[in-house]
Amino acid sequence: QVQLVESGGGLVQPGGSLRLSCAPSGFSLDYYVIGWFRQAPGKEREGVSCISKSDGSTYYADSVKGRFTISRDNAKDTVYLQMNSLKPADTAVYYCAATTRFAAVVKDPEVHEYAYWGQGTQVTVSS
């Protein structure tokens with residue numbers, strides 16, 4: 001079964017850090033663009049960041065630029081989202097997703113462009 005598996009969510013105080021991981025099950029992430037999305041209660045799912053596995057090109061939403069870093073470990077076939085200086089507004093379920101629609105990152109990630117999704121991991125930022 002082809003799927004993505006996220007891990008690393010949890011409860012953290014404002015200003016704290018978390019690192020999310022996204023690994024494939026049943027396929028390889030080679031030649032995919034991997035995106036991180038988040039969905040807060042009552043809100044639409046939004047694109048946060050994405051990275052091309054092939055050339056490493058990246059995108060960040062303005063709301064996370066300078067605080068979040070997306071990276072890839074090709075040897076482990078895993079993508080990470082390092083989240084620093086977390087704010088209560090970052091509280092959401094975070095999902096990773098994969099697409100072959102693009103070879104490189106050329107635009108912000110949109111939900112309908114991504115074919116494979118993980119089950120999500122909860123991130124709660126609260127004191």
Side-chain angles (χ1 to χ4, degrees):
Q1 184 178 1
V2 174
Q3 63 179 357
L4 295 168
V5 180
E6 304 104 333
S7 60
L11 172 64
V12 64
Q13 292 186 341
S17 299
L18 284 173
R19 188 178 78 158
L20 305 183
S21 300
C22 174
S25 176
F27 71 110
S28 170
L29 292 179
D30 288 346
Y31 311 115
Y32 281 81
V33 168
I34 311 304
W36 283 99
F37 296 78
R38 65 185 181 187
Q39 188 166 19
K43 294 188 177 181
E44 292 188 357
R45 194 170 298 188
E46 63 173 353
V48 173
S49 182
C50 58
I51 187 168
S52 166
K53 274 291 250 101
S54 57
D55 71 358
S57 52
T58 59
Y59 163 88
Y60 295 95
D62 287 343
S63 59
V64 305
K65 202 171 292 183
R67 300 188 298 122
F68 291 11
T69 302
I70 192 169
S71 63
R72 72 199 199 279
D73 185 330
N74 289 341
K76 295 183 178 179
D77 204 19
T78 300
V79 170
Y80 302 98
L81 186 68
Q82 177 68 42
M83 306 185 296
N84 298 329
S85 302
L86 283 162
K87 306 173 182 180
D90 295 317
T91 296
V93 177
Y94 283 71
Y95 300 88
C96 70
T99 182
T100 55
R101 194 161 181 168
F102 313 102
V105 174
V106 296
K107 60 183 296 292
D108 59 309
E110 294 184 68
V111 171
H112 68 90
E113 294 170 335
Y114 286 71
Y116 302 107
W117 289 83
Q119 80 288 353
T121 184
Q122 177 70 46
V123 171
T124 302
V125 184
S126 175
S127 55

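Computed over heavy atoms, backbone and side chain alike; hydrogens, waters and symmetry mates excluded. All values reported here derive from a predicted model rather than from experimental measurement.
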request  = Give a yes or no on whether a salt bridge exists between Arg38 and Asp90, defined as a side-chain N under 4.0 angstrom from a carboxylate O.
outcome  = yes
message = With heavy-atom distances below 4.5 Å as the criterion, would you say the side chains of Gln39 and Glu44 are in contact?
response = no
message = Membership question, hydrophobic clusters at under 4.5 Å side-chain separation (ILVMFWY): are Tyr94 and Val111 in the same one?
response = no
request  = Mark yes or no: Arg45 above the aromatic ring of Phe37, with NZ or CZ under 6.0 Å from the six-membered ring centre and no more than 45 degrees from the axis.
outcome  = no
Polar side chain donor-acceptor pair, Thr124 to Ser126, under 3.5 angstrom = no
ask   = Are Tyr59 and Tyr80 joined in one hydrophobic group, where the rule is that I, L, V, M, F, W and Y side chains link up if heavy atoms are under 4.5 Å apart?
value = no
ask   = Using the ring of each side chain (for Trp, its six-membered ring), is Trp117 parallel, tilted or perpendicular to Tyr95, with breaks at 30° and 60°?
value = perpendicular
task = Keeping the roles fixed (side chain from Gln122, backbone from Gly9), state whether a donor-acceptor pair exists under 3.5 Å.
result = no
key: Side-chain heavy atoms of Trp36 within contact of Ile70, under 4.5 Å   = yes
message = Using side-chain heavy atoms (C-beta onward) and a distance below 4.5 Å, is Arg101 in contact with His112?
response = yes
inquiry  = Quick one, Thr121 and Leu20 - any side-chain contact, counting heavy atoms below 4.5 Å?
reply    = yes
request  = Side-chain contact test, heavy atoms from C-beta onward, threshold under 4.5 Å: evaluate it for Thr99 versus Ile34 and give yes or no.
outcome  = no
inquiry  = Distance alone, cut at 3.5 Å: any donor-acceptor contact between the side chains of Asn84 and Ser17?
reply    = yes
inquiry  = Please give me the minimum heavy-atom distance between Gly35 and Cys50, naming the atom from each residue.
reply    = CA-CB, 3.8 Å
ask   = Does any N or O in the side chain of Asp77 come within less than 3.5 Å of the main-chain N or O of Leu29, such that one atom is a donor and the other an acceptor?
value = yes
request  = With rounding to the nearest 0.5 Å, note down the distance linking CD1 in Ile51 to SG in Cys96.
outcome  = 12.5 Å
request  = Indicate yes or no: at least one non-hydrogen side-chain atom of Val105 is less than 4.5 angstrom from one of Val33.
outcome  = yes
key: Reported CD-to-OG distance for the pair Gln3 and Ser25, which is rounded to 0.5 angstrom   = 4.5 Å
ask   = Should the heavy atoms of other residues, nucleotides or ligands under 6.0 Å from OH of Tyr116 be counted, would the total exceed 12?
value = no
query = Counting distance only, does the side-chain N/O of Thr78 pair as donor-acceptor with the main-chain N or O of Lys76 below 3.5 Å?
reply = yes
Lys107 atom NZ: more than 12 heavy-atom contacts under 6.0 Å = yes
query = How many angstroms lie between atom CG of Asp108 and atom CG of Asp62, to the nearest 0.5 angstrom?
reply = 10.0 Å
query = Under 4.5 Å between side-chain heavy atoms, hopping through other hydrophobics if needed: is there a path connecting Leu18 to Tyr60?
reply = yes
inquiry  = Please check if the number of heavy atoms outside Phe27 that lie under 6.0 Å from its CZ is greater than 12.
reply    = yes
task = Could you tell me whether the side chain of Ser52 and the main chain of Ala103 form a donor-acceptor pair under 3.5 Å?
result = yes
ask   = Can you find a heavy atom in the side chain of Leu81 that is under 4.5 Å from one in the side chain of Ser49?
value = yes
message = Which heavy atom of Gly47 sits nearest to which heavy atom of Pro109, and what is that distance?
response = CA-CG, 3.8 Å
request  = Start with the C-alpha distance between Thr69 and Thr58, add both sets of side-chain angles, then the distance that settles side chain to side chain contact (heavy atoms under 4.5 Å, CB included), and finish with yes or no.
outcome  = CA-CA 9 Å; Thr69 302; Thr58 59; over 6 Å; no
inquiry  = Please tell me whether Val106 and Tyr32 are part of a single hydrophobic cluster in this structure, the criterion being side-chain heavy atoms less than 4.5 Å apart.
reply    = no
key: Contact summary for Leu4 and Gln119, nearest pair of heavy atoms   = O-OE1, 3.6 Å
ask   = With side chains defined as the heavy atoms from C-beta onward, is the minimum distance between Asn74 and Arg72 less than 4.5 Å?
value = yes
ask   = Does any N or O in the side chain of Gln82 come within less than 3.5 Å of the main-chain N or O of Arg19, such that one atom is a donor and the other an acceptor?
value = no
key: hydrophobic_cluster_shared for Val64 and Leu86, side chain cutoff 4.5 Å   = yes
